[in-house]
Amino acid sequence: MSQSRGITITKTGVPIYAIILLAAIFVFGLFVVGYDQGHLFSVIMGETAFEELYLHELTHDMRHAAGFPCH
Amino acid sequence: MVAGFFAGTIHGLANLAIVEPYLDEAIGIENQNLFASGEEDDTVQFQVEYESYRIWQKGGQVLAGAILGTSIGALFGIVFALSRKILPGNHHVKKALVLSGIMWFTIYLIPFLKYPANPPTVGDPDTVVLRAILYLSFIAISGFGAVGFYQLFKRLEKSKRIVALIGYGVFISAAFLLMPENPDEVTAPLDLVNGFRATSVIAVSIFWISVGIILGAFWQKYNPDKQIQTNTTSKF
């Protein structure tokens, strides 16, 4: 006599690559909004980026309101 | 991340509604100081340029909220995925709200109490790097401290878990006292500074509540926990 049984296996592990990717996104976003003073755009614009501060100005109000030191 | 994006957008809109009047007032004082010192002249050209970049800053606030929200949502997603089994509640929204409350307290409120948010006009540009390091360091100390005591919490019997909570309290109190103070004096009117700080806390709290509800609702609906149905056959 044969009997069929169903077994449900629940996998709850979090893939390590997902954790690394999400952690990288966290660090990058935090840097953009909280800390960039022209660093990212300087890769393309050079020293001008530190004077124009496009990202700094874009995130200025959120930076203050979220508690980051701004200037 | 999606939950963080939406919650961050809500945060940006909340800032526009309740924090922005204080920012406008503070920047108005900054401008008056510039005119008084002779660094700038109160001309039509100055006002045109000022209005132009203020529109950029105000509009950017919502985008910045979405970026910051996405990044914090990524962190929140990691922590929720790793800790959801031990979080209290039988619904993922409740579990996510408990976690968002813990993270709000440990990586926002405690650092805020030590280094509260300041409006423009407060802060010496020469100390901005030091202040940024202090703020980020205290967030890291509080956050990693919470993770460390959470590990202890998991290993203790239920009746002894209070030890881990007290341990975190002692640890963070010591860090609070040992960390250097913000080196800058607050020179702006106190009504402005206090109003700004109060509305800032409300807006950030709206973010944490939103991210908890949205991520919990997504998790409940789409349940990313993989379920593999395996059929086995046995003979008797």
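Since this is a predicted model, take the numbers as computed values, not measurements. Note: hydrogens, waters and symmetry copies are ignored here, and every other heavy atom, side chains too, is used. By convention in this document, chain letters (A, B, ...) are assigned in the order of the sequence lines, proteins followed by strands, and residues within each chain are numbered from 1.
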Cut-off 4.5 Å, heavy atoms of chain A, and the answer for Phe196(B) is side chain
Does a sphere of radius 6.0 Å around OH in Tyr135(B) hold more than 12 heavy atoms from other residues, nucleotides or ligands, not counting ones at 6.0 Å or beyond? yes
Nearest heavy-atom contact between Gln57(B) and His60(A) is NE2-CG, 3.4 Å
Within the supplied structure, the quantity of interest is the number of heavy atoms (other residues, nucleotides, ligands) at a distance under 6.0 Å from Phe112(B) CZ; does it exceed 12?
yes
Smallest heavy-atom separation, Ile19(A) atom then Ile78(B) atom, equals O-CD1, 3.6 Å
When the 4.5 angstrom heavy-atom criterion is applied to Ala132(B) and chain A, the contacting part is both
(Q) Using only atom types and a distance under 3.5 Å, with no angle test, would you say the side chain of His64(A) pairs donor to acceptor with the backbone of Asn118(B)? (A) yes
Gly29(A) and Ser71(B) have their tightest heavy-atom pair at CA-CB, 3.6 Å
Under 4.5 Å to a heavy atom of chain A? For Phe207(B) that would be neither
Turns out that what part of Leu23(B) lies under 4.5 Å from chain A's heavy atoms comes down to side chain
Turns out that what part of Tyr53(B) lies under 4.5 Å from chain A's heavy atoms comes down to side chain
Cut-off 4.5 Å, heavy atoms of chain A, and the answer for Arg197(B) is neither
Can you confirm whether more than 12 heavy atoms, excluding those of Tyr54(A), are under 6.0 Å from its OH atom? no
Applying a strict 4.5 Å limit to non-hydrogen atoms, the region of Val122(B) in contact with chain A is backbone
Interface check, chain B: of Asp61(A), Leu30(A), Leu21(A), most non-hydrogen pairs under 4.5 Å belong to Asp61(A)
In short, Tyr35(A) meets Leu136(B) closest at the heavy-atom pair OH-CB, 3.4 Å
On a heavy-atom basis, the closest approach of Ala74(B) and Ile25(A) is CB-CG2, 4.1 Å
When every non-hydrogen atom of Trp56(B) is compared with those of Leu58(A), the smallest separation belongs to NE1-N, 3.5 Å
Exercise for review: State whether the number of non-hydrogen atoms from other residues, nucleotides or ligands found under 6.0 Å of Phe46(B) atom CZ is greater than 12.
Suggested key: yes
Determine yes or no for a side-chain-to-main-chain donor-acceptor pair under 3.5 angstrom, with Ser200(B) supplying the side chain and Ala65(A) the backbone. yes
Applying a strict 4.5 Å limit to non-hydrogen atoms, the region of Pro120(B) in contact with chain A is both
